[in-house]
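Single-structure report; data block below.
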Amino acid sequence: MREKLQIGGRVFQSRLIFGTGGFTSLHVMELALRESGAEMATVAMRRVDPRAKGSILEVIESAGCDVLPNTAGCFTAADACLTAQLAREALQTEWIKLEVIGDDRSLLPDGPELLVAAEKLVDEGFIVLPYCNDDPILARRLEELGCAAVMPLGSPIGSGTGIRNPLNIAMILERAGVPVILDAGIGTASDATIAMELGCDGVLAASSISKAKDPVRMARSLRLAVESGRLAYEGGRIPRRLYADASSPNEGLAEFDIDAS
Amino acid sequence: MREKLQIGGRVFQSRLIFGTGGFTSLHVMELALRESGAEMATVAMRRVDPRAKGSILEVIESAGCDVLPNTAGCFTAADACLTAQLAREALQTEWIKLEVIGDDRSLLPDGPELLVAAEKLVDEGFIVLPYCNDDPILARRLEELGCAAVMPLGSPIGSGTGIRNPLNIAMILERAGVPVILDAGIGTASDATIAMELGCDGVLAASSISKAKDPVRMARSLRLAVESGRLAYEGGRIPRRLYADASSPNEGLAEFDIDAS
Amino acid sequence: MREKLQIGGRVFQSRLIFGTGGFTSLHVMELALRESGAEMATVAMRRVDPRAKGSILEVIESAGCDVLPNTAGCFTAADACLTAQLAREALQTEWIKLEVIGDDRSLLPDGPELLVAAEKLVDEGFIVLPYCNDDPILARRLEELGCAAVMPLGSPIGSGTGIRNPLNIAMILERAGVPVILDAGIGTASDATIAMELGCDGVLAASSISKAKDPVRMARSLRLAVESGRLAYEGGRIPRRLYADASSPNEGLAEFDIDAS
Amino acid sequence: MREKLQIGGRVFQSRLIFGTGGFTSLHVMELALRESGAEMATVAMRRVDPRAKGSILEVIESAGCDVLPNTAGCFTAADACLTAQLAREALQTEWIKLEVIGDDRSLLPDGPELLVAAEKLVDEGFIVLPYCNDDPILARRLEELGCAAVMPLGSPIGSGTGIRNPLNIAMILERAGVPVILDAGIGTASDATIAMELGCDGVLAASSISKAKDPVRMARSLRLAVESGRLAYEGGRIPRRLYADASSPNEGLAEFDIDAS
Amino acid sequence: MILIVNGSSMKLEDGSSIPQVIAALDIPTTKGLAVAVDGTVIPRSEWDTLALRSGMRLEVLRAVQGG
Amino acid sequence: MILIVNGSSMKLEDGSSIPQVIAALDIPTTKGLAVAVDGTVIPRSEWDTLALRSGMRLEVLRAVQGG
Amino acid sequence: MILIVNGSSMKLEDGSSIPQVIAALDIPTTKGLAVAVDGTVIPRSEWDTLALRSGMRLEVLRAVQGG
Amino acid sequence: MILIVNGSSMKLEDGSSIPQVIAALDIPTTKGLAVAVDGTVIPRSEWDTLALRSGMRLEVLRAVQGG
């Protein structure tokens, strides 16, 4: 029960993956990253910018974290695969958070393209963590292709609306043989707690931390939320019922002769 | 923002109140109580039982906790007041968690009787924490009578269905001048987190811990859930939106001449 | 099963009660009232206004409807009782929709005052339909006092948020011996349908019709919604399940030798 | 606003499509079909059974309905296409409700296979109505392939859990250029009403009618539910708000000199 | 005498009764009206006979759209 | 010859065509039937002429309640 | 005399007071106890002096797990 | 020769290779960079030797905050 999260042969003490996008400064990001307790932090691949200051890689490294590049912004399997290859070259890591989106307003995954890209990258030796819909059929297929985990969304990236369809996540969990990481949609702590209570193996949080009023405090909140939800999953919650179930004993109640008082 | 919970002039480091009912043994209760980090634990008043073993008071005391007697099982203001007086005599405390219920199936509070009892006990110098409906009008009246806090239910005692009507809790919070402690209905960690995110000042958890498969682990879960929810409340969550909000930059995207590849 | 709604000895063909407030004109109200199929329409009692044109009573009468005066705007039992008496005098009806509110922002009922007023008006021979919280204890008490129906809210008047706590309505229904009319909170058709599916005996709709973009069309919508919900309640819905249950036969499936095609 | 539903060039008076599976007898099905007011009823294609009595086609025809064959039970694009061709041959109709599922426990659609089948059948001149996930990207692709409508699920077939993710349906609707028919998951009337209020162009109901306690009554309920929801969509519902909005006038309130009474 | 009618003062001749008050309000019909004097409902049958005195507070109500 | 019809083997005289298969299935009407042979739909116009050979797999389908 | 203690009858010598009742209940400690007689709480300081009479109803309570 | 580097044209001497391109970009370090030429990733070991020709499209990427 108390086993650790394992992805691609690596053991994690923390079940929170840290998304680095959206912080107002590298400094705030660093403080938040340290508070989060996360051991892996995402990065995107973008054209070099001579004006950019500081190195996100150094910050992540100094916090003792591994880097998890993503393919954010890719609309086709071809673009995503090339981005993954560039990330591998730049960062010397086989890990890739695979994103292939179908739409720049919803940023929702494009299932068929995702399958094409996942198959190719698995073949090339990548440890592929695909960002996917809350679609049990798609998740199973990605697992069958050899993905190291599946990362279904709770709701659109940055929407902050939590897990819109927990029953789909439950269906994915019921049959998954690889870790299920809830990706996208976390708006606040309870969303992450609910994900973990459902049985998810981990949670990725980005905007919920970076765009909060106080990102550092929210990073600590998310850390505790994930731990709390995992403990609740392991601790075995009570059932839901319509009516009450007394928490004080029904026996031994006093009978006061109140009229006589 | 980071001020502590204060009720009746006392400052609490923990925002979790521990309900002691429903544990299979005093020993398990003690372990759970210590894991919970709570500083106040409820007790009920019942007829002495010569066969009873161990002393709940000693356990609570040795854990460094204060005792909060309740009037569970009372259907009338008169019974509740007498029970409160007996508790004060037995436990040497002015604190009373006031329960006056209208029904032994739902254990829902009886508003009018509750008001009568609250008024009398406040007059007698008690520090009154009434268990009440999620009824903003009733909560305001209880505050006006001098209650030290209000304890609206999320859902029926032991039902484990969380906060059935968060908007009512939000309305209570908006105008409350005393602490609002979410009482009753907590089923698992996320319910407590949600209560705290709404702005509640604290949470009481009983069956959710004592009747969980692993009460000690669940006690730790609830502790973290309350902390996490409070931090999220203070940290200022992101807004909810229908569509996505990219967490990776839209600028600097590569343009691959894929056809040429 | 197919019995009609009966309140105070009167049989109704329609389970929709029409609230007349909020229309931009008497003419629109009349069209909507006729479309709604309702047999009873509420009115409020206000100071005579020499500039007022038209007679709401004539419109209601010409539509074949009975009038149901309310005590909207009263904060005390005394005011509500006096308003009821004036309504009886003015309209020659024993019927009264009893409202005693505790707050002019939420317009939520004040339970204790409501009980006082209900008791007095029942004693004076009124047919009392109290607007109350979704509080099962309060609803039972009102019934015990002799109210002809109970009218729990779904959510605050005019909020349009439907039934915020269906489990409370279900608890009220389970033990009610008088008709339960869902009052307040209906925002659109499905809210009314859900109320009827829960087993409510009727629905009162006011703002949802009068403040819709097209009140006449919405009146027809609400009429059908109430009928539809009642038929669904009588028709016995299928259970909810997590997984699928095939609606096409599993037997007799073709087995195509597709490779050969 | 009041335009009729049009699919594949055909105009429908009714926005309800009738699923014929699951009835205990053809007779009950016929009564329910007539009550439903539907103009199109689904059938599945299965091996001939010499013991089978009665002709579903005659019943559908005599009720004035068109037949809509489906490809239920097919797991591959190839099987689905062949089934569609057989249906066209048997029933002399170009219409096909295209189902390609990925799993016989959830009966959830297999997106990539569905796209393959849809493309082929559109090419062959079919009027294709694909049963799909509530996936906006997939729905858009199906439309781009030339499907005459899209039929996203609310939840798994026969699960009776309604629309689990209304925001996804809303996203599909926002950009759809073909009719959107809510397929699968309808459990009771309000589910259909909600679908129509969201803006869906129609609803398919099968198990919710055929497996209800009283299918004939439930058929009428669904008919009214769809009409009611459409009228509410057209009628323009009021906004949701946290607090109240009085439906009785705030002006002209009496001021009783109650102390003097 | 001076009465307070619906919150405003109204001057009437001494000895006036409720029908004179209503007449002074300039409303087209008395149908559907009810009157309270100093917090007590006055049945229509007593309108003519109830003696009004200076300082009395009258509420004259009728049904309007509401609820 | 032996055909596989709807998953079961059926013995027919050599030279039989689809109408003989259907007749052997003992169903009251041919209305609303469709036939696939080895995974290919056979239009009704070709039922009489298509030469069946031993080992062919036929699916004979009709519409039933479903969906 | 006969008292009703926690719902059961208890026979005690005349002149007994609350400590005798408690002793008869056979409980290990008096810590955390409270006593009501005929619906009125009796402070511990009055336990020795309150005169008990036949027919009086006593409730002897202590804190237990609950809530 | 003229290259298209990150979407902008860049003029370099004939015979230049990737290190010259990077130098021209005026970025402080080559750590964490990756380069694609005409849609193909060029491993760092080939940067010096790959022959660039006028019209080639280069993408020079590095990790940034995201995700």
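First the proteins, then the strands, lettered A, B, ... as listed; each starts at 1. Values below: all heavy atoms of this structure, side chains included; hydrogens, waters and symmetry mates excluded.
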task: Let me know if L91(A) has heavy atoms under 4.5 Å from chain H in its side chain, its backbone, both or neither.
output: side chain

message: As an exercise: rank A44(A), G21(A), G22(A) by heavy-atom pairs under 4.5 Å with chain H and give me the winner.
response: A44(A)

Atom CD of E61(A) with >12 non-hydrogen neighbours under 6.0 angstrom: no

- prompt: Taking everything shown except Q13(A) itself, do over 12 heavy atoms lie less than 6.0 Å from its CD?
  reply: yes

- prompt: Where is the tightest heavy-atom contact between L61(H) and V48(A), given as atom of each residue plus distance?
  reply: C-CG1, 4.1 Å

message: Do I56(A) and V64(H) have side chains that approach each other closer than 4.5 Å (heavy atoms only, starting at C-beta)?
response: no

- prompt: Measuring heavy-atom distances to chain A, does V35(H) have an atom under 4.5 Å in its side chain, in its backbone, in both, or in neither?
  reply: backbone

- request: For D26(H) and P50(A), work out which heavy atoms get closest and say how close.
  value: O-CB, 3.7 Å

- request: Nearest 0.5 Å please: distance from the NZ atom of K31(H) over to the CD atom of E58(A).
  value: 5.5 Å

task: Check A34(H) against L86(A) and note the closest heavy-atom contact, atom names and distance.
output: CB-O, 3.1 Å

Over all atoms of both residues, closest heavy-atom pair of Q65(H) and T20(A): OE1-O, 2.9 Å

query: So, T42(A) side chain and G67(H) main chain: donor-acceptor pair closer than 3.5 Å or not?
result: yes

- prompt: Is it the side chain or the backbone of F23(A) that comes within 4.5 Å of chain H heavy atoms, both, or neither?
  reply: both

message: Return the CE to CG distance between M45(A) and L33(H), rounded to the nearest 0.5 Å.
response: 8.5 Å

query: Nearest heavy-atom pair of E89(A) and R44(H): which atoms, and what distance?
result: OE2-N, 2.6 Å

- line: Taken to the nearest 0.5 Å, the spacing of L82(A) CG from T40(H) OG1 works out to 7.5 Å

- prompt: Which region of L26(A), side chain (C-beta onward) or backbone (N, CA, C, O), has a non-hydrogen atom less than 4.5 Å from a non-hydrogen atom of chain H, or is it both or neither?
  reply: both

query: Under a 4.5 Å heavy-atom cut-off, does chain A meet the side chain of I42(H), its backbone, both or neither?
result: backbone

